[in-house]
Amino acid sequence: MTTLKPLLLAAATFAFAVAPLVTPPFTGYDPAMFPVPIVRPAIQPAGYAFSIWGLIYIWLVVHAGYGLWKRRDVPAWDAVRWPLIIAVGIGAVWLAIASSYPVTATITIWIMLGAALLAFLRADPVQDRWLLSAPTAIFAGWLSAAAAVSLGVLLAGYGWLSDTASAILMLALVLVVAMAVQRARPTMPVYGLTVIWALIGVVFANANTNLTVAVLATIGAGIMAATLWLVRRS
């Protein structure tokens, strides 16, 4: 093997990690960009939940750096590189897209999710699990929620569904995807725990404004926790 892919991944991951420092802060799509402006979409987690990005950036940078330094020629590490390059490469420009083009941003975040899930499912859950599988797990877990949030905001913002109906549909979608993925990787709970973190963020965001969504997000977090417990026992 050559060092090309490890180098590309390291460069793309670095660009991904520094992107928030060189683009305007993103706190959600501007409601004015939609025919039906919704100041606080119900599917969007509370602001504190987005702090997980700090851990995601650090873990992915460590993964890319260690892979370049110590695991350049290890097949298990090489298996995740192309999908991760695609995911973090798109991520490096996603913030710039999202500030003005919500439809394009939604399409691209779903492509990011697909690539991140592929990387996670390719990652060996045993070899170097906390440097190989875990970083891809937290990335894929958060994107599983973030992609649904983006789509949910679009569905409500364009009036295709009400804000509450859109949130309910997206909560169901997150659970369907997350449960299937967690069953495929039962020994790596970081993925499921990240999804639970996002769902709890939705609970807190809606506790005083949309009881229906808050209750359903609580149930969803409970279902995901039960899934984690069941797959670990099987």
Side-chain angles (χ1 to χ4, degrees), residues 9 13 43 45 49-64 66-67 70-71 74-88 91 109-152 168-203 215-234:
L9 179 58
T13 303
I43 190 59
F50 292 87
S51 64
I52 198 173
W53 272 116
L55 181 57
I56 294 171
Y57 289 136
I58 291 169
W59 220 337
L60 287 175
V61 167
V62 170
H63 164 86
Y66 188 78
K70 290 288 189 178
R71 295 291 188 267
V74 178
W77 281 70
D78 199 59
V80 309
R81 283 182 176 130
W82 276 128
L84 259 188
I85 288 168
I86 293 170
V88 297
I109 201 171
W110 276 92
I111 296 171
M112 282 175 65
L113 170 61
L117 286 174
L118 181 57
F120 173 48
L121 294 173
R122 283 186 176 185
D124 189 327
V126 177
Q127 181 177 346
D128 297 319
R129 65 184 274 114
W130 296 110
L131 289 173
L132 176 57
S133 182
T136 62
I138 192 172
F139 187 35
W142 183 254
L143 285 177
S144 294
V149 169
S150 186
L151 179 57
I168 293 170
L169 180 61
M170 291 302 103
L171 288 172
L173 179 59
V174 169
L175 278 178
V176 169
V177 171
M179 290 169 66
V181 172
Q182 192 63 72
R183 287 194 183 103
R185 278 292 178 266
T187 61
M188 179 42 68
V190 171
Y191 174 84
L193 290 172
T194 305
V195 173
I196 291 171
W197 170 270
L199 291 172
I200 292 173
V202 175
V203 174
V215 169
L216 290 176
T218 302
I219 293 171
I223 291 172
M224 198 64 219
T227 300
L228 277 172
W229 184 74
L230 289 171
V231 298
R232 292 284 288 179
R233 286 175 58 87
S234 61

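All values below come from the heavy atoms of this structure, side chains included, with hydrogens, waters and symmetry mates left out. What you are looking at is a predicted structure, and each value in this text was computed from that prediction instead of being measured.
Rounding to the nearest 0.5 angstrom, the gap separating the OG1 atom in Thr194 from the CE atom in Met224 is 9.5 Å. To the nearest 0.5 angstrom, Leu143 atom CG is 11.5 Å from Thr136 atom OG1. The distance from atom CG of Leu113 to atom CH2 of Trp142, rounded to the nearest 0.5 Å, is 13.0 Å. Note that the CZ atom of Arg122 and the CG atom of Leu84 stand 10.5 Å from one another [nearest 0.5 Å].
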As a quick check of understanding, evaluate side-chain contact (heavy atoms from CB on, under 4.5 Å) for Leu228 and Ile196, giving each step before the final call.
CA-CA 10 Å; Leu228 277 172; Ile196 291 171; 3.9 Å; yes
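Under the 4.5 Å side-chain criterion, counting only non-hydrogen atoms from C-beta, Gln182 is not in contact with Val195. Residues Val88 and Leu9 are in side-chain contact: their nearest non-hydrogen atoms beyond the backbone lie under 4.5 Å apart. Contact annotation: the side chain of Ile219 approaches that of Ile223 to within less than 4.5 Å [non-hydrogen atoms, C-beta and beyond]. No side-chain heavy atom of Ile86 sits under 4.5 Å from any side-chain heavy atom of Leu118.
Ser144 is linked by a side chain to side chain donor-acceptor pair (under 3.5 Å) to Tyr191, counting only residues two or more places apart in sequence or in another chain.
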N/O donor to acceptor pairs below 3.5 angstrom from side-chain atoms of residues 169-181, sequence neighbours left out:
none

For residues 52-63, which side-chain donor-acceptor pairs fall under 3.5 Å, sequence neighbours excluded?
unit_1, atom_1, unit_2, atom_2, d
Trp59, NE1, Trp130, O, 2.9
His63, ND1, Leu131, O, 2.8

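Closest approach of Pro135 and Arg129 over heavy atoms only: CD-O, 4.4 Å. What you find for Ala140 and Phe120 is that their closest heavy atoms are CB-CB, 4.1 Å. Nearest approach of Arg81 to Gly67, heavy atoms of both residues: NH2-O, 3.3 Å. Pro125 approaches Thr187 most closely through the heavy-atom pair CB-OG1, 3.5 Å. Shown here for Ala49 and Gly201, the closest heavy-atom pair between the two residues is CB-CA, 4.3 Å. Taking both residues in full, the closest heavy atoms of Leu132 and Ala76 are given as CD2-O, 3.9 Å, listed atom of the first, atom of the second, then distance.
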